[in-house]
Amino acid sequence: MTAMPEEHDVVDVLTADHRTVRTLFEGYRATIDPERRRQLVHRMTVEVVRHSVAEETYLYPTVRKALPNGDRIADEEIEELAEAERILSDLDAVDPADRIFDPLVRDLMDVVSMHIRGEEDLVFPELRERLTPEERMVLGLRVGEAAAAARGVPPVSPEGPGPGRTLADRVRERLTGRTR
C-alpha cells in the first residue's frame, strides 16, 4: 500500500491508496469463499481507516486553506469516509454467510467509490494547480507516515475487539490514540 520512493507527491500517494482499495474490491467480487471475503473486508477496514485518518490529519486541513470552498469540500469528503467507517463497523459484526453481508459490502463499495471519484475528479486536480510540487511532496510524506503506523494492525486480536470495539475502532485508535 505504500507508495514507491519516487511517488511522494500527495496526489500520487493517495491515488495509490485508491488503487489498493479498488484491488481489494475486485478480489471480493472474484471470490465466494466466506473466509476469504472476511479477510478482504478486514484488509479493506485497515486500508480505509488508515486512509481516513491520514486525510483527516493532513489532507483536509490543506484542502480547507488552499481550495475555493475548501471547508465544504473537506466536510463532504470527511462525511463520506465516516459513512464508510460506519459500514465497516456494521460488517465487523456480521458473518460473511449472512444474507446482509454482501449488500453491506456493496454499500461500502458505493460510498468509497464516490469518495474516490470526488477526490480524483475535483480535489486532486485543484491541489496540483494550487500547491507547489514541494508542498505536495511534504504532504505526501506525512500521509505516508500514516501508512507506516498502520502496518501490523492485526485483523483480530487474541482477546477479541472488546465490548463495542470493532476492527475500525482498533485501527483508528492505533493511528490516533483515540476512537471516534
Practice prompt. Say whether, by atom type as modelled, one donor and one acceptor occur between the side chain of Asp17 and the main chain of His51 under 3.5 angstrom.
Written response: no
Exercise for the section: Please examine the side chains of Arg38 and Pro34, heavy atoms only from C-beta on, and report whether any two atoms are closer than 4.5 Å. Expected result: no
Between Leu59 and Leu127, is any pair of side-chain heavy atoms under 4.5 Å apart? yes
Value for OG1 (Thr45) from CD1 (Ile87), rounded to nearest 0.5 Å, stands at 11.0 Å
### Query
Between Glu47 and Arg50, is there a side-chain N and carboxylate O pair less than 4.0 Å apart?
yes
Value for CG (Asp90) from CG (Leu104), rounded to nearest 0.5 Å, stands at 6.0 Å
Verdict with reasoning, Asp75 to Arg64, per side chain to side chain contact (heavy atoms under 4.5 Å, CB included): CA-CA 9 Å; Asp75 290 344; Arg64 289 181 190 285; 2.7 Å; yes
Q.
Taking atom CZ as the centre, does Arg43 end up with more than 12 heavy-atom neighbours from other residues, nucleotides or ligands that are less than 6.0 angstrom away?
A. no
Report yes or no: is the cationic atom of Arg142 (NZ for Lys, CZ for Arg) closer than 6.0 Å to the six-membered ring centre of Tyr58, at no more than 45° off its axis? no
**Q.** side chain to side chain contact (heavy atoms under 4.5 Å, CB included) between Phe101 and Asp95, intermediate numbers included
**A.** CA-CA 7 Å; Phe101 194 82; Asp95 186 280; over 6 Å; no
Worksheet item: Would Tyr60 and Asp71 count as having a side-chain donor-acceptor pair, cut-off 3.5 Å?
Response: no
With a 4.5 Å limit on heavy-atom distance, are the side chains of Arg86 and Glu83 in contact? yes
Looking only at heavy atoms, the pair that brings Ala84 and Val48 closest together is CB-CG1, 4.1 Å
Closest non-hydrogen contact found for Asp9 with Arg136 is OD2-NE, 2.6 Å
Quiz item: Would you say the side-chain atoms of Asn69 pair up with the backbone N or O of Arg72, donor to acceptor, closer than 3.5 Å?
Solution: no
query: With a 4.5 Å heavy-atom cut-off, do His18 and Phe124 have their side chains touching?
result: yes
Item to check | Criterion side chain to side chain contact (heavy atoms under 4.5 Å, CB included) on Val41 and Val105, from CA distance to verdict | outcome: CA-CA 8 Å; Val41 168; Val105 174; 4.0 Å; yes
Grouping I, L, V, M, F, W and Y whenever their side-chain heavy atoms are under 4.5 Å apart, do Val11 and Leu141 come out in a common cluster? no
Sub-4.5 Å side-chain heavy-atom contact between Leu139 and Thr62: yes
Q) Looking only at atom types and distance, does a side-chain atom of Arg37 sit under 3.5 Å from a main-chain N or O of Thr31, one as donor and one as acceptor? A) yes
Note to self: Looking at Glu79 and Glu76, would you say the former's side chain and the latter's main chain have a donor-acceptor pair under 3.5 Å?
What the structure shows: no
Heavy-atom closest pair (Ser89 atom, Thr166 atom, distance to 0.1 Å) is OG-OG1, 3.3 Å
For Asp98 and Val94, the nearest pair of non-hydrogen atoms, with its separation, is CB-CG1, 3.6 Å
Could you walk me through whether Arg29 and Asp102 pass salt bridge (Lys or Arg N to Asp or Glu O under 4.0 Å), step by step?
CA-CA 10 Å; Arg29 288 185 195 105; Asp102 281 337; over 6 Å; no
Problem - Any Glu126 side-chain heavy atom under 4.5 Å of Pro68 side chain - result: yes
Item to complete: Please answer: with hydrophobic residues joined when any side-chain heavy atoms are less than 4.5 Å apart, are Val138 and Val10 in the same cluster?
Response: no
Donor-acceptor contacts under 3.5 Å from residues 107-116 side chains, at least two apart:
residue, atom, partner, partner atom, Å
Ser113, OG, Met109, O, 2.7
His115, ND1, Glu77, OE1, 2.7
His115, NE2, Glu55, OE1, 3.2
His115, NE2, Glu119, OE1, 3.4
His115, NE2, Glu119, OE2, 3.2

Fill in: Validation row: Gln39, Arg36 side chains within 4.5 angstrom (heavy atoms)
yes
*Could you check if a side-chain atom of Asp92 sits within less than 4.5 angstrom of a side-chain atom of His42, using non-hydrogen atoms only?*
yes
Correct closest heavy-atom pair for Leu131 and Ala66 would be CD2-CB, 4.0 Å
